[in-house]
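Reading through the structure tokens given below for one structure.
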Amino acid sequence: MKITAHWELKAVALLLAIALYIYTSGQVRVDKTITVSITDAAVRGLPGDYQVVNISPREFKVLLSVPTSRLADLEAESFTPRLEVRPEQLTLKNATWPLTSHLLRLSNDIRIQATEPAGLREISVTLDRITEENLPIELPHLVGLPSGLDATIRSDQTLVRVAAGGAVFELLRRDRERVRFQDIDLH
């Protein structure tokens with residue numbers, strides 16, 4: 001059998017071997033840990049009459065497997081997820097998103113290896129509808145009265161209109177709290 005027999009097939013095999021070598025040598029991977037911080041601004045699509053009560057977790061670490069060719073790009077990227085609220089999540093008052101590369105807006109060739117805290121699988125956001133109610137008030141106190149001055153505060157109003165989440169009103173009603181104003185300093 002001659003070495004030149006079927007030379008076309010051998011040339012194609014050699015070219016494929018070279019291409020595969022070049023491709024795989026560029027895909028050496030390294031591990032990189034990033035910190036992800038989530039603010040209320042990351043929650044998108046929230047109607048104006050809703051507010052974010054809690055985000056869990058607010059901050060966590062992710063260990064990524066990154067091709068060395070993408071490492072420089074990774075340094076410049078932002079790792080704030082974009083949490084899009086769907087209408088059905090509003091009625092539940094709790095929205096969750098699975099922790100994925102897509103959620104962190106990472107490219108397809110970057111993989112999540114681990115998280116800290118360990119086992120973190122989703123991001124959870126508690127939502128509350130903002131309502132308005134009338135609440136009883138407690139008049140402010142006068143402080144720093146100069147000697148010889150006797151002053152009192154009077155008001156014809158006993159209620160104040162407040163806009164807040166429903167959970168705030170429930171807490172105030174349960175504890176029979178009144179809205180307190182800052183003391184008035186006459187100094």
Side-chain angles (χ1 to χ4, degrees), residues 1-131 163-171:
M1 182 175 209
K2 286 179 147 182
I3 198 158
T4 57
H6 305 289
W7 69 270
E8 300 92 354
L9 188 59
K10 292 176 184 172
V12 170
L14 179 62
L15 286 175
L16 285 174
I18 292 171
L20 186 58
Y21 172 77
I22 291 171
Y23 176 76
T24 57
S25 66
Q27 292 297 314
V28 174
R29 301 184 78 79
V30 294
D31 289 343
K32 171 117 175 107
T33 301
I34 61 167
T35 301
V36 179
S37 296
I38 307 173
T39 64
D40 292 358
V43 180
R44 305 293 179 104
L46 204 58
D49 60 341
Y50 276 82
Q51 67 182 3
V52 173
V53 176
N54 186 39
I55 298 175
S56 179
R58 284 261 182 201
E59 185 174 288
F60 56 95
K61 294 184 184 294
V62 179
L63 177 65
L64 301 174
S65 175
V66 184
T68 54
S69 60
R70 298 272 304 148
L71 201 52
D73 297 339
L74 192 63
E75 301 293 335
E77 290 185 30
S78 168
F79 301 106
T80 304
R82 188 179 174 114
L83 308 173
E84 291 288 340
V85 176
R86 296 182 312 275
E88 62 269 14
Q89 291 172 312
L90 294 173
T91 58
L92 299 173
K93 292 190 175 186
N94 193 33
T96 58
W97 292 267
L99 182 59
T100 62
S101 295
H102 177 71
L103 184 71
L104 296 178
R105 297 187 281 170
L106 299 170
S107 62
N108 292 338
D109 55 350
I110 298 174
R111 295 187 290 262
I112 296 176
Q113 299 292 95
T115 59
E116 185 182 315
L120 179 64
R121 298 287 175 246
E122 65 183 18
I123 297 169
S124 176
V125 176
T126 306
L127 308 168
D128 199 3
R129 186 180 195 125
I130 298 172
T131 58
V168 172
F169 289 123
E170 288 174 24
L171 187 67

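As a basis for the values below, the full set of heavy atoms in this structure was taken, side chains included, without hydrogen atoms, waters or symmetry mates. Everything numeric here is computed off the predicted structure, so don't read it as measured data.
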Tabulate below the donor-acceptor pairs under 3.5 Å that side-chain atoms of residues 35-45 make, not counting sequence neighbours, or state none.
from	atom 1	to	atom 2	distance (Å)
Thr35	OG1	Lys61	NZ	3.2
Ser37	OG	Glu59	OE1	3.0
Thr39	OG1	Ala41	N	3.4
Asp40	OD1	Arg58	NH1	2.9
Asp40	OD1	Arg58	NH2	3.1
Arg44	NE	Ala41	O	3.2

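Closest heavy-atom contact between Trp97 and Gln89: CZ2-OE1, 4.0 Å. Asp109 approaches Pro67 most closely through the heavy-atom pair O-CD, 3.4 Å. Of all heavy-atom pairs spanning Leu83 and Leu103, the tightest one is CD2-CD1, 3.8 Å. Annotation for Ile55 and Val125: closest pair CG1-CG2, 4.1 Å, computed over non-hydrogen atoms.
Within the 3.5 Å criterion, the main-chain N or O of Glu122 finds no donor-acceptor partner in the side chain of Thr96.
Between Arg86 and Glu84 there is no salt bridge, since no side-chain nitrogen of the basic residue lies less than 4.0 Å from a carboxylate oxygen of the acidic one.
Heavy-atom neighbours of Asp31 CG from other residues, nucleotides or ligands within 6.0 Å: above the threshold of 12.
Residues Val85 and Tyr50 form no side-chain contact, since every pair of their non-hydrogen atoms from C-beta on lies 4.5 Å or further apart. Between Leu64 and Ile112 there is a side-chain heavy-atom pair separated by less than 4.5 Å. The side-chain heavy atoms of Val52 and Leu127, taken from C-beta on, include a pair separated by under 4.5 Å. Lys93 is listed as a side-chain neighbour of Asp128, based on a closest heavy-atom distance under 4.5 Å.
Using modelled atom types, one finds no donor on one side chain facing an acceptor on the other under 3.5 Å when comparing Ser101 with Asn108.
Atom CG of Leu63 is separated from atom CD of Glu116 by 10.0 Å, given to the nearest 0.5 angstrom. Note that NE2 of His102 and CZ of Arg82 are 10.5 Å apart. Values are rounded to the nearest 0.5 Å. To the nearest 0.5 Å, the span separating CG on Leu106 from CD1 on Ile34 amounts to 5.5 Å.
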